[in-house]
Amino acid sequence: MKSQTSETFVFALGGLGEVGKNMYAIMHEDEIIIIDAGVMFPEDDLLGIDYVLADYTFLKQNEEKIKGLFITHGHEDHIGAIPYVLNHLNIPIIYAPKVASELIKNKLEDRGVKYSNIVVIDEDMTPQFKHFKIEFFRTTHSIPDSYGISVMTPNGRVVTTGDFKFDLTPIGPMANLGKMARIGEEGVKLLMSDSTNALVPGFSTSESDVDEALSDIIRGCKGRIILATFASNIYRVIHIIETCRKNNRKVAAFGRSMINSIEIAKSCGLIKDKSVFITSDEANRMKPQNVCLLCTGSQGEPLAALSRIANGSDANITLMPDDTVIFSSSPIPGNAMSINRVINKLYLKGAEVYTTSNEADIHTSGHAKQDELKGKYTVEMK
Ligand SMILES: [Zn+2]
C-alpha cells in the first residue's frame with residue numbers, strides 16, 4: 001500500500017497458507033506492530049519436534065521499530081510462541097484479551113520468562129502510535145474473549161479478523177456486529193481473514209445447540225460420565241459444569257490445561273458456585289450417577305487424562321463398564337488415529353462412547369463456514 005509519503009508493508013511471518021504459527025506484522029517507516037505469535041503443531045513426519053515457530057529474523061533485524069504485540073485470542077496457534085518471541089525480541093508492550101492474558105501469564109511462568117507489560121484490551125481502547133491507530137472488535141470463537149483488530153495506517157485501514165464464527169445464539173457475549181459494520185462503512189483497504197471451514201457450505205452449529213445436545217446426554221446417563229473437551233473452550237466447560245450441577249453431579253477435573261482453564265474461569269468471575277467441584281478421591285467414593293470426570297485428551301494425546309484412563313494407567317481413576325465417555329470435540333487434522341485408538345480401548349472395556357460422528361451435535365467448530373464468511377464480507381468490505 002502506498003501513500004504520497006511512503007509505503008505501508010503488511011506481511012505474514014506465519015499463518016498464511018498454513019494452519020498454525022499465526023504472526024502478522026505491519027510496518028510503516030520506523031514502526032512495526034505485530035499481530036499474534038503462535039506455534040504450529042508438527043505433522044506426523046516431523047518426528048521429535050514439539051512446536052514449529054515462525055522465523056523471526058526480519059523482526060530481529062528491525063527490532064528497534066517494534067512498538068507492540070497485539071493478540072486476537074488465547075489459542076496456542078496465536079499465543080504459543082510468545083515465550084520464544086520474548087526471549088529473542090524486545091517487545092515493549094503486549095495487548096491481549098483477558099482470558100488470553102491469563103493464559104500468557106501461565107505460559108511465561110512455566111517457561112521462566114519474566115515480563116510484566118501485558119495490557120488487557122477492551123473494545124473502548126484505541127492504542128495509538130505515530131503511524132498507527134488500533135481498534136478492537138469483539139468476535140465469537142471457541143475461546144472466550146476473541147477480538148478482531150483494525151489498524152489505521154497512513155495508507156488506509158487494515159483489518160484482521162482473528163479466528164471467528166458468526167453465532168447468533170452464542171454462549172457468552174455476542175460479536176460486535178455494529179462495530180464491524182461501522183468499520184466497514186468507514187472503509188477497509190485490506191481485510192485479512194481466513195477460516196479452516198472456508199470450503200464447507202452453510203452455517204456452523206450454534207454453541208447453544210451443542211449445549212442442548214450435551215445436556216440431553218448428561219441428563220439421560222445412569223452411570224458415571226467421563227467428558228473430554230477442549231480445555232480452552234471455557235464457555236462450554238462452564239456450561240458442562242452447570243449442567244452437571246443441575247443434574248446432581250459433582251465434577252472432578254483432570255489434566256493440567258483443564259484445571260488451568262477452570263482456575264482462569266474462576267478468576268475471571270465466570271464460575272461462581274465452587275461447591276460443584278470434587279477431588280478424584282471424592283469422585284471414587286461417590287455414587288457413579290453423581291459424578292462427572294471432566295478431562296483433557298479429546299485428541300487422543302498419549303499422556304492426557306483420558307488416554308491414561310482408557311489404558312488403565314491412571315493412578316486415580318479405573319474405567320467401569322457402566323461409564324459413559326463423551327468426546328465433545330472433533331479431531332484436529334493428524335490426530336484421528338490416536339483418537340480412534342483411545343475409543344477402541346474404551347469400547348473394549350465396555351464403556352459407552354459418544355462422539356460427534358454418531359450422535360447429535362456435541363461439538364461445533366469455532367471457524368466460520370461459507371455462509372458466515374459471506375456475512376462477514378458484507379459487513380466489513382463495503
Ligand atoms: Zn483460534
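Ligands are counted one by one from 1 in listed order, and the atoms in each one are counted from 1 as well. Bear in mind that the values here come from a model prediction, so they are computed numbers and not experimental data.
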Exercise for the section: May I have the step-by-step check of salt bridge (Lys or Arg N to Asp or Glu O under 4.0 Å) for Lys130 and Asp30, ending in yes or no? Expected result: CA-CA 9 Å; Lys130 197 167 62 186; Asp30 56 348; 2.6 Å; yes

Exercise for the section: Please determine if Lys349 and Asp323 form a salt bridge, counting it only when a charged side-chain N lies under 4.0 Å from a carboxylate O. Expected result: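 No, this pair does not count.
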
Practice task
On the 0 to 90° scale, with breaks at 30° and 60°, tag the His88-Tyr56 ring pair as parallel, tilted or perpendicular.
Solution key: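 It falls in the tilted class, 30° to 60°.
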
Practice task
Please work out which of the three classes, parallel, tilted or perpendicular, describes the rings of His28 and Phe132, given edges at 30° and 60°.
Solution key: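 The rings of Phe132 and His28 stand perpendicular, inter-plane angle above 60°.
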
Handout entry: Angle at the Zn ion (ligand 1) (to 10°), with one arm to NE2 of His73 and the other to ND1 of His75
Key = 100°

Problem - Minimum-distance atom from the Zn ion (ligand 1) among N, O or S atoms of Asp163 - result: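 Going by distance to the Zn ion (ligand 1), the closest N, O or S atom in Asp163 is OD2.
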
Problem - His141 N/O/S atom closer than 2.8 Å to the Zn ion (ligand 1) - result: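 So His141 counts as coordinating the Zn ion (ligand 1), yes.
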
